[in-house]
Structure formats: C-alpha cells, structure tokens
Amino acid sequence: MREKPNSLKSIIFTGLFAAIIYLGIFILRIPIPAMVGRPFIHFGNTLAALAVLFLGFRNGTLAGIIGLGGFDILNGYAATSWLTMLEVIIVASIIELLFRFFKYQDKQKQIAIIALAAGIAKIFTSYCTSIIEALMIGTNFKTAIVASFLSLPATVINSISTAICVPILYFLIKRILLTSHFID
C-alpha cells in the first residue's frame, strides 16, 4: 500500500483507517481535568501512527487528519481542529523520516523506536497546541506556558500508550494483512 498510494486498495485502506481512528477516539475516551482545553485519553494517536506506517506518509497523514480532525470538528473542538491536524502532520513527518532512516526495515526494535519518537513528538506538539489554545482565549504568555504544562497528563498517558501499543498492533495487523493477502 505504501508503494501505490493511488491504488484502489490504498484509497480504501486510507478511508478505513480514518474511520477506525475516529471510532478509536469516539468510543473510548476518558476525560482528564486540565487547566487548558478538554484533554482526554484515547487511542487515536496510536491508530494514526499505524496508518502512517502501513499507508505511507501521504495516505497515513490524510487518514489521521480525517480521523482526528474530523472528530474534533464533529465533537465540539472545531475552533482548534486545525491545531490537531497540524499535530498529525508533524508527528507523521517524524514517523516517516525515522522509517525512511531505517530503510523501511520493520524489525521490532525499529518500530519500537518509531513509536517512542511518535509519543515524544506528540507530547511536544500537544504542549505547543495548549499554549496556542490558551493564548487564543486571552491568557497571557507566562500563564499559558504554566497552564499548558499542567494540562499534559492526558497527553503523556496517550503517548505512553502509543509507545506501547504501536509495536504490538503493528505486527499483529501486519500478520493479519499478510495472512489475508492484503499486502505482499
């Protein structure tokens, strides 16, 4: 699917991943109190990382933008959905650059490193996003920095779950796709 991003199979899997990402947030989300925003624990980031690994940068990022951004637009986060979409692009870029650096070798060590990097990148992008959100509502810069830092627990939990779940799910999904002849 990475090699032929315009094939019907790739387009179908892009839509499928977008829907699964959306459902991964919609069905299982646990709100966490925070000073900035309304963060919650979910599996959308994990699924978006998997989309990039399986579909490649373009289609994986598109699936992440549709799934995560679509969730935001349809569930009361429309004003900041553009920040979520920007986060998807940044994290997907890091995943793709590392995967390319590893010459697309998907051994357990490489996928674990990519998953860990995706989790760390998500913490950084969420922190920056929280600062921007705080500034958008009129908070002064110093307060925005502190409040955003205190609002990171949900992101840290999501990032840890990404670092743990991506390697496990990647090889499970790959085995299923190979067994069913969806990939070569």
Quick check against the 3.5 Å criterion: does [X] have a side-chain atom that pairs as donor or acceptor with the backbone of [Y]?
X: Asn59; Y: Leu55; answer: no
X: Ser10; Y: Lys4; answer: yes
X: Ser130; Y: Ser148; answer: no

Greater than 12 external heavy atoms within 6.0 Å of Phe57's CZ: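 Yes, because the 6.0 Å sphere around CZ of Phe57 holds more than 12 heavy atoms from other groups.
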
Phe149, CZ: over 12 other non-hydrogen atoms inside 6.0 angstrom: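 Counting other residues, nucleotides and ligands, CZ of Phe149 stays at 12 neighbours or fewer.
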
Shortest non-hydrogen contact from [X] toward [Y]:
X: Gly69; Y: Thr84; answer: N-CG2, 4.3 Å
X: Ala92; Y: Val52; answer: CB-CG2, 3.6 Å
X: Ala115; Y: Val166; answer: CB-CB, 3.7 Å
X: Phe102; Y: Gln110; answer: CG-CG, 3.3 Å
X: Leu135; Y: Ala144; answer: CD2-CB, 4.1 Å
X: Leu98; Y: Ile113; answer: CD1-O, 4.4 Å

Checking [X] now: which residues fulfil ring-ring contact (aromatic ring centres under 6.0 Å, His included) with it, not counting sequence neighbours?
X: Phe99; answer: Tyr104
X: Tyr170; answer: Phe54
X: Tyr127; answer: none

Aromatic plane relationship, Tyr22 with Phe26 - under 30° parallel, 30 to 60° tilted, over 60° perpendicular: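 Because their plane-to-plane angle is under 30°, the rings of Phe26 and Tyr22 count as parallel.
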
Pair Asn45-Val91, side-chain contact (heavy atoms from CB on, under 4.5 Å): steps then yes or no: CA-CA 9 Å; Asn45 300 322; Val91 174; over 6 Å; no

Pairwise salt bridge (charged side-chain N to carboxylate O under 4.0 Å, His left out) hits with a residue in residues 69-94, at least two apart: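 Qualifying pairs, neighbours excluded: Glu87-Lys122.
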
Hphob cluster co-occupancy, [X] + [Y], side-chain heavy atoms under 4.5 angstrom:
X: Phe124; Y: Ile145; answer: no
X: Phe101; Y: Leu116; answer: no
X: Leu86; Y: Ile25; answer: yes

Measuring from [X]:[atom1] to [Y]:[atom2], what's the distance to the nearest 0.5 Å?
X: Ile21; Y: Ile65; atom1: CD1; atom2: CD1; answer: 10.0 Å
X: Ile157; Y: Ile41; atom1: CD1; atom2: CD1; answer: 3.5 Å
X: Ile94; Y: Ile89; atom1: CD1; atom2: CD1; answer: 12.5 Å
X: Phe171; Y: Leu178; atom1: CZ; atom2: CG; answer: 11.0 Å
X: Glu133; Y: Ser126; atom1: CD; atom2: OG; answer: 9.0 Å

Phe17 and Leu62: CA distance, side-chain angles, deciding distance, side-chain contact (heavy atoms from CB on, under 4.5 Å) verdict: CA-CA 9 Å; Phe17 264 105; Leu62 185 59; over 6 Å; no

Any side-chain donor near an acceptor of the partner, Ser159 and Thr162, under 3.5 Å: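 Looking only at side-chain atoms, Thr162 and Ser159 do not form any donor-acceptor pair under 3.5 Å.
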
Thr155-Asn158 side chain donor-acceptor pair, cut-off 3.5 Å: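 Absent: no donor and acceptor within the cut-off.
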
Check against side-chain contact (heavy atoms from CB on, under 4.5 Å), Phe43 and Leu28: CA-CA 8 Å; Phe43 288 102; Leu28 180 64; 3.0 Å; yes

Residues that, via side-chain heavy atoms closer than 4.5 angstrom, fall in one hydrophobic cluster with Leu97: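 The other cluster members (ILVMFWY side chains, heavy atoms under 4.5 Å, direct or chained): none.
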
Remaining members of the apolar cluster that contains Leu83, side-chain heavy atoms under 4.5 Å: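 Leu83 clusters with Trp82, Ile132, Met136.
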
Tell me, do [X] and [Y] make a side-chain contact under 4.5 Å, heavy atoms counted?
X: Asn140; Y: Thr143; value: yes
X: Leu50; Y: Lys174; value: no
X: Met85; Y: Ile73; value: yes
X: Arg58; Y: Asn6; value: yes
X: Lys107; Y: Ile111; value: no
X: Val156; Y: Ile160; value: yes

Full working for side-chain contact (heavy atoms from CB on, under 4.5 Å) between Ile168 and Gln108: CA-CA 9 Å; Ile168 294 167; Gln108 287 181 345; over 6 Å; no

